Amino acid sequence: MNKNIEILFFGKLKETWNTNKLKLKTNSDDIESLYTEILSKAAQTPHKESIKVAINDEFVDWQTAITDGDCIAFLPPASGG
Amino acid sequence: MNKNIEILFFGKLKETWNTNKLKLKTNSDDIESLYTEILSKAAQTPHKESIKVAINDEFVDWQTAITDGDCIAFLPPASGG
Amino acid sequence: MFTISETSINADKLKKQTLDPSAGGFACFEGWVRNHNQGKDVTKLAYEAYNKLAIKEGNRIIQEAHKKYAITKAFCSHRIGLLEIGDMAVWVGVSAAHRDAAFKACRYILDQVKARVPIWKNESWVDGESGWIDQE
Amino acid sequence: MFTISETSINADKLKKQTLDPSAGGFACFEGWVRNHNQGKDVTKLAYEAYNKLAIKEGNRIIQEAHKKYAITKAFCSHRIGLLEIGDMAVWVGVSAAHRDAAFKACRYILDQVKARVPIWKNESWVDGESGWIDQE
């Protein structure tokens with residue numbers, strides 16, 4: 001089923017995807033599939049193992065299901081402090 | 001040989017000897033002997049193992065020789081901070 | 001409490017909030033922007049945050065510190081946006097009855113914030129280049 | 001540098017002396033007089049020092065911290081005389097390029113000062129009694 005979602009990119013992942021935000025219609029059922037789907041839009045190959053994912057402002061794991069209207073974020077390793 | 005010395009007491013040792021300073025003439029050759037000599041003046045029995053000793057503003061050990069004019073200090077365990 | 005600050009961090013105010021009449025120990029850490037990092041001359045520095053998640057995660061860390069250590073109060077604030085050399089980037093302060101808990105909780109909060117709170121550093125260098133910084 | 005202070009410790013001044021343009025990390029500890037210690041209600045507190053030896057030993061500790069850890073500057077000041085509830089008794093601050101050295105050196109200085117510097121605490125309690133305090 002088609003879902004309308006929003007994707008946020010942070011830090012160096014903004015450069016990887018050349019944007020900080022994507023709105024798209026997806027058939028992907030979970031974040032893992034969504035990530036594979038959007039890899040074709042990436043300018044460089046991201047280091048997937050270091051990426052954390054969030055849905056609607058909360059950390060989740062890669063197997064979390066996507067539902068219509070979700071805001072999904074891809075986060076590189078934190079480098080604050 | 002007789003030596004003129006000064007003894008300083010700090011912290012609770014002032015209560016033990018009821019003074020913060022003694023001037024005396026002593027035949028004791030080292031601090032250990034001096035301590036034994038002045039024990040008779042103590043109001044309570046001090047806990048010798050916890051006492052540190054100094055001569056002329058520097059830590060020394062109990063076997064250090066006493067010379068004329070020395071200022072000897074008896075120090076209970078530190079409790080600053 | 002964990003906060004994100006878009007303007008200069010007010011260390012005096014944070015310290016006043018952290019001190020407590022019942023707590024005899026206060027430990028604090030400040031991180032400052034310096035003109036040199038990992039061998040490069042830094043001209044300026046920007047921090048970006050995923051604000052909502054950063055505030056949630058930062059406050060979870062403060063709560064964890066309260067559970068792990070016998071502390072009275074703990075605050076942490078992280079600056080975001082464009083910072084100049086000499087600006088404060090992060091402040092952590094903890095009050096506690098005893099020094100051991102104050103030190104350990106202060107260190108715990110700082111380490112966990114650096115590792116887990118979604119904030120990213122972007123440096124600009126004298127050679128005109130800039131880049132996102134990987135964790136130390 | 002280690003100092004003995006017969007009046008209120010000026011934490012702001014000490015902090016300014018400790019911060020350094022090359023050091024991105026600053027760790028600090030403050031010990032405050034509280035109205036309760038080891039289960040007793042404290043009304044006032046006095047610290048006595050063997051000044052000359054305390055200053056020598058305190059500065060030796062600072063030198064040791066410089067040898068053991070990669071730090072930039074370190075200061076410690078201990079208050080003596082009669083203190084009121086709410087007064088600062090001790091301040092330790094360390095600047096360093098990295099947080100680990102700053103934290104460890106700050107803790108080292110505090111612990112060593114408490115253990116080795118000839119300073120003694122005398123407390124007065126609400127029951128009218130007073131006494132010299134043994135180490136924690």
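Quick caveat: nothing in here was measured; it's all calculated off a predicted structure. Worth knowing before you read on, the calculation uses all heavy atoms, side chains too, and leaves out hydrogens, waters and symmetry mates.
Within the 4.5 angstrom heavy-atom criterion, no atom of D:A54 approaches chain B. Both the backbone and the side chain of D:Y50 come within contact range of chain B, with heavy atoms under 4.5 Å apart. Both the backbone and the side chain of D:W120 come within contact range of chain B, each with at least one heavy atom under 4.5 Å from a heavy atom of that chain.
Environment of NZ in D:K16: sparse, with no more than 12 heavy atoms of neighbouring residues, nucleotides or ligands closer than 6.0 Å. The environment of D:K44 atom NZ is sparse: at most 12 non-hydrogen atoms of other residues, nucleotides or ligands sit within 6.0 angstrom.
Ranking D:E57, D:H78, D:K52, D:E48 against chain B, the residue ahead of the rest is D:E48, based on heavy-atom pairs under 4.5 Å.
Across all their heavy atoms, B:G81 and D:K114 have their closest contact at C-NZ, 3.6 Å. For the pair B:L75 and D:P118, the tightest heavy-atom approach, listed with the atom from each and the gap, is CD1-CB, 4.4 Å. The two residues D:A115 and B:A78 have their closest heavy-atom pair at O-CB, 3.8 Å.
Within residues 3-35 of chain B, the residues that have a heavy atom under 4.5 Å from a heavy atom of chain D are B:L8, B:F10, B:G11, B:K12, B:K14, B:E15, listed by number. Residues of residues 54-65 of chain B placed with any heavy atom under 4.5 Å of a heavy atom in chain D are listed by number as B:A54, B:N56, B:D57, B:E58, B:F59.
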